[in-house]
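In what follows, chains carry the letters A, B, and so on, assigned in the order in which the sequence lines appear, proteins first and then strands, with residues in each chain numbered from 1.
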Number of protein chains: 2
Amino acid sequence: MTTRKKNSTYTRNEQCIINCDLTYAVQKIGGRWKLLLLDKLGDKKLRFNELKKEFSYMSERMLSLQLKSMEQDGLIKRSAYAETPPRVEYEMTELARELAPILDQLRNWGRKQRESV
Amino acid sequence: MTTRKKNSTYTRNEQCIINCDLTYAVQKIGGRWKLLLLDKLGDKKLRFNELKKEFSYMSERMLSLQLKSMEQDGLIKRSAYAETPPRVEYEMTELARELAPILDQLRNWGRKQRESV
DNA sequence: GTCATTACTTACATGTTTGTTCGTGCCTTA
DNA sequence: TAAGGCACGAACAAACATGTAAGTAATGAC
């Protein structure tokens, strides 16, 4: 995000996978926590600390980074209220909701793959 | 694969995502090249060198690693023929074929996401 | 006997992701 | 006055993913 990447093969190859809608999509939901967060959000609005408690093993830093990334990618909506103590709520966007049925199928495939190996 | 991982938070957290069928599934198709390889294989049988030519920007090492990983995960089948020079062919398994319709949906979602951001 | 072909493998280098620890600004409660 | 909750941010470190360059074994062509 912050640091500019070099013009290396690593970066040029990254372009290949960004150009493909499929690999691009997988990137958006990839990483260690995003899908678990989406799962937990479901149809609810949750605060930063609520998510933090749910995923006590995840570092605050990761939670923060993933939420920010998903917000930029239009997967979640962040609403901050100027109260004391501050309140910030996160919820899925319509775009993320459209993923749900696809993810259900992927989940089933995952179970099947796991059984067959 | 070869080196044993330590009993770190990193490793313990990995268990969390392996326990979930969904994140587990995404891991199996994650990484930079696997989906592109599956895409290219389609219904064909392709040799190592044919894949290498198709993905000239991908290093041989990566091709080899990804193919091996996908074979272990039951996504592709490797057939080696004791000829000279050696001939090795790769093709998708039934399990991988079941992914195709799901991936099509993901691809569509990816295009939509890309347009909306 | 030298060389090319094929499908890899190994050692090393670079780049990214994830985790640890500490700090911040605002206000409330004790 | 002190302490604590909330929602983060920054600096650093560990682990992993990816890329580079070179080498291997078997064989057949020349």
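Summarising the geometry, the separation between CG on A:Leu46 and P on D:dC8 is reported as 14 Å, rounded to the nearest angstrom. One atom, CH2 of A:Trp33, and another, C1' of C:dT18, lie 9 Å apart when rounded to the nearest Å. Taking atom CE of residue A:Met70 and atom C1' of nucleotide C:dT17, one finds them 16 Å apart after rounding to whole Å. For A:Leu63 and C:dT20, the CG to C1' distance is 16 Å, given to the nearest whole Å. As rounded to whole Å, 14 Å separates atom P of D:dT20 from atom OH of B:Tyr57. Rounded to whole Å, the distance from CG on B:Asn13 to P on C:dT18 is 11 Å. Rounded to a whole Å, the CG atom of A:Leu51 is 10 Å from the P atom of D:dC8. When the C1' atom of C:dT14 is taken as reference, atom CE of B:Met62 falls 12 Å away, rounded to whole Å.
Phosphate contact (OP1/OP2 of D:dA17, side-chain N/O of B:Gln66, threshold under 4.0 Å): absent. Remark: A:Arg32 is not in phosphate contact with D:dC16, judged by side-chain N or O atoms under 4.0 Å from OP1 or OP2.
Within the 4.0 angstrom heavy-atom criterion, only backbone atoms of the sugar-phosphate kind lie near A:Thr9; the bases stay farther away.
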Heavy-atom protein contacts under 4.0 Å, nucleotides 2-11 of chain C, coded B base, S sugar-phosphate only, - none:
---BBSBB-B
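For the atom pair CG (A:Asn13) and CE (B:Met58), the distance works out to 8.5 Å, reported to the nearest 0.5 Å.
Salt bridge status for B:Lys44 with B:Glu50: absent, with no side-chain N to carboxylate O gap under 4.0 Å. A:Arg97 and A:Asp43 are joined by a salt bridge, as a carboxylate oxygen and a charged side-chain nitrogen come within less than 4.0 angstrom of each other.
With a 6.0 Å cutoff to the six-membered ring centre and a 45° limit on the axis angle, B:Arg32 counts as a cation-pi contact of A:Tyr10. A:Tyr57 does not carry B:Arg12 over the face of its six-membered ring by the limits of under 6.0 Å from the centre and within 45° of the normal.
There is no side-chain donor-acceptor pair under 3.5 Å between B:Tyr90 and B:Glu71.
A donor-acceptor contact shorter than 3.5 Å is absent between the side chain of B:Arg107 and the backbone of A:Ala25.
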